[in-house]
Trainee: 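Here it is, the structure in full.
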Amino acid sequence: MTLEQRIGHQRVRHIVDSYSLVGHQHDNDEAIRFENYLQDLLSGYHHGLVELALVETLIKSWLTIPMEKGVAFLTTAHSKLKAWQQEQLQQRPITVSLTSAQFSQITGLDATVAFDALEQTELSEPSDQPLPTQVTAEST
């Protein structure tokens, strides 16, 4: 793992830990599925895009009581990433609902990394194949 990847993973971990996104701490199976799914997302997408998807999902989840967490939260964030892939395939600019200042206020992180990923990352064509952890999560 490169230094950039380690830093990216730490930034994502900061967001996850700051908002307790793993879900119920006493449900070890859920926590394991969450961690595996998160690793799959980080393997399949630039960490900056994962950060943006997590924060966009977090903003929408604030309106729901109780707030969605765990694998369900990541599934929603993953849907956002797939929607961005569709936008890019249709040669439309990827749109986000927050500014870089808002991102920084919510996460406490420098927004440059995340927002630069929007411009620099070529998203691959979305696949109908689920990530390995989605198969596991859906079968339980």
Side-chain angles (χ1 to χ4, degrees):
M1 183 182 296
T2 68
L3 180 59
E4 181 183 358
Q5 289 171 322
R6 281 190 200 162
I7 292 170
H9 285 218
Q10 287 176 342
R11 287 172 55 95
V12 169
R13 175 58 49 203
H14 172 74
I15 295 168
V16 167
D17 291 346
S18 294
Y19 291 97
S20 302
L21 299 178
V22 174
H24 302 292
Q25 296 298 332
H26 63 275
D27 186 349
N28 197 35
D29 289 340
E30 172 77 2
I32 291 169
R33 286 192 307 272
F34 180 93
E35 293 302 328
N36 289 337
Y37 197 168
L38 183 60
Q39 289 308 310
D40 284 347
L41 290 176
L42 287 168
S43 296
Y45 298 94
H46 186 281
H47 64 83
L49 294 175
V50 174
E51 291 174 26
L52 283 170
L54 290 175
V55 174
E56 289 232 341
T57 304
L58 183 61
I59 291 168
K60 290 179 181 172
S61 295
W62 280 333
L63 301 174
T64 306
I65 299 176
M67 189 174 104
E68 183 178 65
K69 293 186 178 188
V71 172
F73 183 91
L74 288 183
T75 301
T76 303
H78 190 199
S79 295
K80 185 57 144 171
L81 288 163
K82 288 190 246 181
W84 289 340
Q85 286 176 316
Q86 287 297 330
E87 287 179 15
Q88 190 178 53
L89 285 172
Q90 296 169 0
Q91 299 181 341
R92 295 188 327 228
I94 296 172
T95 55
V96 293
S97 63
L98 71 156
T99 66
S100 59
Q102 290 167 329
F103 178 90
S104 292
Q105 289 172 341
I106 292 166
T107 65
L109 299 171
D110 179 12
T112 306
V113 173
F115 281 84
D116 282 354
L118 285 175
E119 297 171 13
Q120 298 173 359
T121 303
E122 176 86 14
L123 293 170
S124 61
E125 187 168 333
S127 169
D128 289 336
Q129 296 293 331
L131 291 172
T133 50
Q134 285 179 290
V135 173
T136 304
E138 291 169 1
S139 62
T140 56

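Heads up: numbering here begins at 1 and tracks the sequence.
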Trainee: Are any of the side-chain heavy atoms of H47 and E51 separated by less than 4.5 Å?
Mentor: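 SC-SC contact between H47 and E51 confirmed.
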Trainee: Mind checking whether L98 and L118 sit in one hydrophobic cluster, side chains of I, L, V, M, F, W, Y counted as touching below 4.5 Å?
Mentor: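 Yes, one cluster joins them.
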Trainee: Quick check: do L58 and L21 have side-chain heavy atoms less than 4.5 Å from each other?
Mentor: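 With C-beta onward as the side chain, the pair touches.
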Trainee: Sub-3.5 Å donor-acceptor pair from the side chain of E30 to the main-chain atoms of V71, do we have one?
Mentor: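 A pair under 3.5 Å: yes.
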Trainee: Looking only at non-hydrogen atoms, find the nearest pair between K82 and Y45 and report the distance.
Mentor: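 Heavy atoms of K82 and Y45 come nearest at CG-OH, 4.0 Å.
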Trainee: Any side-chain heavy-atom pair from Q85 and L81 closer than 4.5 angstrom?
Mentor: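 They are not in contact (no side-chain heavy atoms under 4.5 Å apart), so the answer is no.
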Trainee: For side chain to side chain contact (heavy atoms under 4.5 Å, CB included), just list the numbers for K80 and L54, CA-CA rounded to whole Å, side-chain angles, deciding distance to a tenth of an Å, and then say yes or no.
Mentor: CA-CA 9 Å; K80 185 57 144 171; L54 290 175; over 6 Å; no
Trainee: Let me check something: do V12 and L109 share a hydrophobic cluster, defined by ILVMFWY side-chain heavy atoms less than 4.5 Å apart, either directly or through other members?
Mentor: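 In one cluster: yes.
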Trainee: Measuring from atom CZ of R33 to atom CG of D29, what distance do you get when rounded to the nearest 0.5 angstrom?
Mentor: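 Those atoms lie 6.0 Å apart.
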Trainee: Apply the side chain to side chain contact (heavy atoms under 4.5 Å, CB included) test between V55 and each candidate in V96, V50, I15; give the one that qualifies.
Mentor: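 Of V96, V50, I15, side chain to side chain contact (heavy atoms under 4.5 Å, CB included) with V55 is met by I15 alone.
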Trainee: To the nearest 0.5 angstrom, please state how far the CZ atom of F115 sits from the CD1 atom of I94.
Mentor: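 Result: 12.0 Å between the selected atoms.
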Trainee: Quick one: pull up CD in E56 and OG in S61 and give me the separation to the nearest 0.5 Å.
Mentor: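 Between atom CD of E56 and atom OG of S61 there are 11.5 Å.
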Trainee: Mind listing the closest non-hydrogen atom pair of A77 and A53 along with its distance?
Mentor: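 Closest approach of A77 to A53: O-CB, 3.7 Å.
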Trainee: Is there side-chain contact between I7 and T2, with at least one heavy-atom pair below 4.5 Å?
Mentor: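 The answer is no, as the side chains (C-beta and beyond) never meet within the 4.5 Å cut-off.
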Trainee: Rounded to the nearest 0.5 Å, what separation is found between the OH atom of Y37 and the NE2 atom of H78?
Mentor: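 It comes to 5.0 Å.
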Trainee: Any side-chain heavy-atom pair from T76 and F73 closer than 4.5 angstrom?
Mentor: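 No - every pair of side-chain heavy atoms lies 4.5 Å or more apart.
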Trainee: Among residues two or more places apart or on two chains, list those pairs meeting side chain to side chain donor-acceptor pair (under 3.5 Å) that have a residue in residues 98-111.
Mentor: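 Residue pairs passing side chain to side chain donor-acceptor pair (under 3.5 Å), neighbours aside: T99-Q102, D110-T112.
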Trainee: Check whether more than 12 heavy atoms from other residues, nucleotides or ligands sit under 6.0 Å from atom CD of E4, and answer yes or no.
Mentor: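 It does not: E4 CD has 12 such atoms or fewer within range.
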Trainee: Just by distance, no angles: are the side chains of Q5 and H9 close enough, under 3.5 Å, to form a donor-acceptor pair?
Mentor: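 No pair is found: no donor N or O on one side chain lies under 3.5 Å from an acceptor on the other.
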Trainee: Do L42 and Q39 come close enough that some side-chain heavy atom pair is under 4.5 Å?
Mentor: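 L42 vs Q39: side chains touch.
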Trainee: In terms of hydrophobic clusters joined by side-chain contacts under 4.5 Å, are I106 and L52 together?
Mentor: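 The answer is yes; both residues are in one hydrophobic cluster.
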Trainee: Go through the steps to decide whether K69 and F34 satisfy the test side chain to side chain contact (heavy atoms under 4.5 Å, CB included), and finish with yes or no.
Mentor: CA-CA 9 Å; K69 293 186 178 188; F34 180 93; over 6 Å; no
